Amino acid sequence: MLGIVPGMCFVCFSFLCPCFYSKKKDVSEVAVLPRDANKLSSGSVNSSHNGSSSGRGPGSSLRVPPSPSRFSLSSQSSRMEPVNLSLNQISKMTHNFSSSYKIGEGYFGTVFKGELADGRFIAIKRAKKQHFATLRAEFRNEVALLTKIEHKNLVQLLGYVDQGKERIIMSEYVSNGTLREHLDGLRGKTLDFSQRLEIAIDVAHGLTYLHLYAEKPIIHRDVKSSNILLTESFRAKVADFGFARTGPTEPDQSQIETDVRGTAGYLDPEYLRSNQLTIKSDVFSFGILLLEILSARRPVEVNRSVDERITIRWAFDNYNKGQVTEVKDPLLKEEIDEGVLTKYLCLAFQCAAPTRTDRPVMKEVVEQLWKIRKEYTRSRRRVL
Ligand SMILES: Nc1ncnc2c1ncn2[C@@H]1O[C@H](COP(=O)(O)OP(=O)(O)OP(=O)(O)O)[C@@H](O)[C@H]1O
């Protein structure tokens with residue numbers, strides 16, 4: 001989880017790459033999202049385990065609204081009702097946290113799948129006892145933040161239990177695995193480029209919301225492919241808010257000082273050096289994620305030759321040599337227009353710029369991705 005990234009102080013792209021000459025803009029606008037007390041009301045237990053997955057249908061593509069307040073006040077039909085379950089009910093639902101209900105495991109917790117009486121599935125994250133001291137803060141943090149946010153590209157909190165030696169978070173169940181599993185080919189069919197672009201746009205929407213539209217800006221701090229969950233229709237949702245922090249609230253303040261948290265390979269080098277956290281730290285991680293989405297390579301690939309080990313450095317070398325197609329996942333057989341790949345890579349390098357002032361804000365990233373998608377669609381029409 002927590003790690004320092006060897007060799008991440010890669011070449012200073014800003015002198016080499018035309019991507020860095022775009023206009024710079026910093027964001028201090030913070031919209032007010034009404035604090036949702038999110039009283040936990042209904043929900044009963046269905047202890048049967050079997051059943052089809054409850055993947056949510058395809059959502060229409062969200063557009064970042066012109067008015068943050070209009071956005072934050074809008075109700076969303078896809079929002080699930082909160083769930084209020086006791087520890088006993090959760091225990092019954094998972095047959096005392098039996099391994100046959102386990103769907104995953106992270107550093108801090110084990111995740112189980114549960115089914116409610118109405119047929120809805122939920123994910124149940126149970127904190128590991130050995131991390132209890134650290135976990136109290138992480139748990140409170142995740143619950144407090146998730147309670148306030150509501151966006152279709154962010155995993156929704158449904159309820160929690162904080163009782164005795166148990167810390168449990170219940171959230172919406174996202175049925176189609178993590179983005180990393182798909183990139184590793186563990187989930188069947190390879191993601192095509194169009195799906196990869198939509199996933200990138202979904203994640204960018206979720207982060208834009210966190211950075212701009214929540215009550216206070218929220219910095220996720222652990223944006224990575226294994227924290228992106230996919231629905232059956234390949235829409236992406238950002239998960240795992242255990243490390244998230246609220247950002248500065250004073251208009252003249254753009255950073256806060258905090259211990260370094262995150263995952264090796266995705267960490268903002270400026271944050272690593274200075275402990276100064278800003279929304280641009282998430283933008284850096286998102287840039288690394290963009291490269292991962294295109295190449296299917298992890299940010300650091302220890303088993304590769306030295307010049308290919310740091311994915312961003314390898315991608316940038318290829319970009320500089322005009323070999324943009326080399327960066328594409330070999331499993332992605334489709335031919336992709338070089339202009340589209342160049343713009344995509346340029347955006348990734350811009351996001352992962354060593355200096356945060358060179359990085360765009362997420363709202364600009366979304367707009368760039370829309371343009372890339374448009375150009376890609378046009379290029380496909382020319383081919384067909
Ligand atoms: N809401 C969910 N819906 C479906 N599956 C989930 C959900 N949340 C987590 N999972 C599954 O459980 C696994 C573990 O999740 P968790 O958030 O605990 O850890 P992680 O993010 O993979 O690792 P770490 O917390 O160590 O970074 C995920 O990789 C995913 O497969």
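Residue indices begin at 1 and follow the sequence shown. Fair warning: this is a prediction, and the values are worked out from it, not measured in the lab. Just so you know, ligand 1 is whichever comes first in the structure, and atom 1 is the first atom listed for that ligand.
- Just one of Tyr344, Phe284, Tyr319 meets the ring-ring contact (aromatic ring centres under 6.0 Å, His included) condition when paired with Phe349; it is Tyr319.
- Proximity of Lys113 to ligand 1, defined as any heavy-atom pair under 4.0 Å, is not found for any part of the residue.
- Below 3.5 Å of separation, one finds an N or O of Asn227 facing an N or O of ligand 1.
- Every residue was checked against the side chain to side chain donor-acceptor pair (under 3.5 Å) condition with Ser226, not counting sequence neighbours, and none meets it.
- Residue Asp240 has at least one N or O atom closer than 3.5 Å to an N or O atom of ligand 1.
- For ligand 1, the polar-atom distance check against Leu229 finds no nitrogen or oxygen pair separated by under 3.5 Å.
- Close approach of ligand 1 to Tyr173 is summarised as follows: ligand atoms under 4.0 Å from at least one heavy atom of the residue are 3 (N), 4 (C).
- Proximity of Ser171 to ligand 1 is established by a heavy-atom distance of less than 4.0 Å.
- Partner of Leu345 under the side chain to side chain contact (heavy atoms under 4.5 Å, CB included) criterion, chosen from Val324, Val340, Asn318: Val324.
- Put simply, the side chain of Glu338 reaches to within 4.5 Å of the side chain of Thr325, judged on heavy atoms.
- In this structure, Glu172 has a heavy atom closer than 4.0 Å to ligand 1.
- In this structure Asp192 satisfies the salt bridge (Lys or Arg N to Asp or Glu O under 4.0 Å) test with no other residue, sequence neighbours excluded.
- Each of the following atoms of ligand 1 lies closer than 4.0 Å to a heavy atom of Glu105: 13 (C), 14 (C).
- Residue Leu341 holds its CG atom at 12.0 Å from SG of Cys346, rounded to the nearest 0.5 Å.
- At least one donor-acceptor pair under 3.5 Å links the side chain of Arg180 to the backbone N or O of Ala296.
- Ligand 1 lies within reach of Lys224, whose nearest heavy atom is under 4.0 Å from it.
- Within the listing of ligand 1, atoms 29 (O), 30 (C), 31 (O) sit less than 4.0 angstrom from a heavy atom of Thr178.
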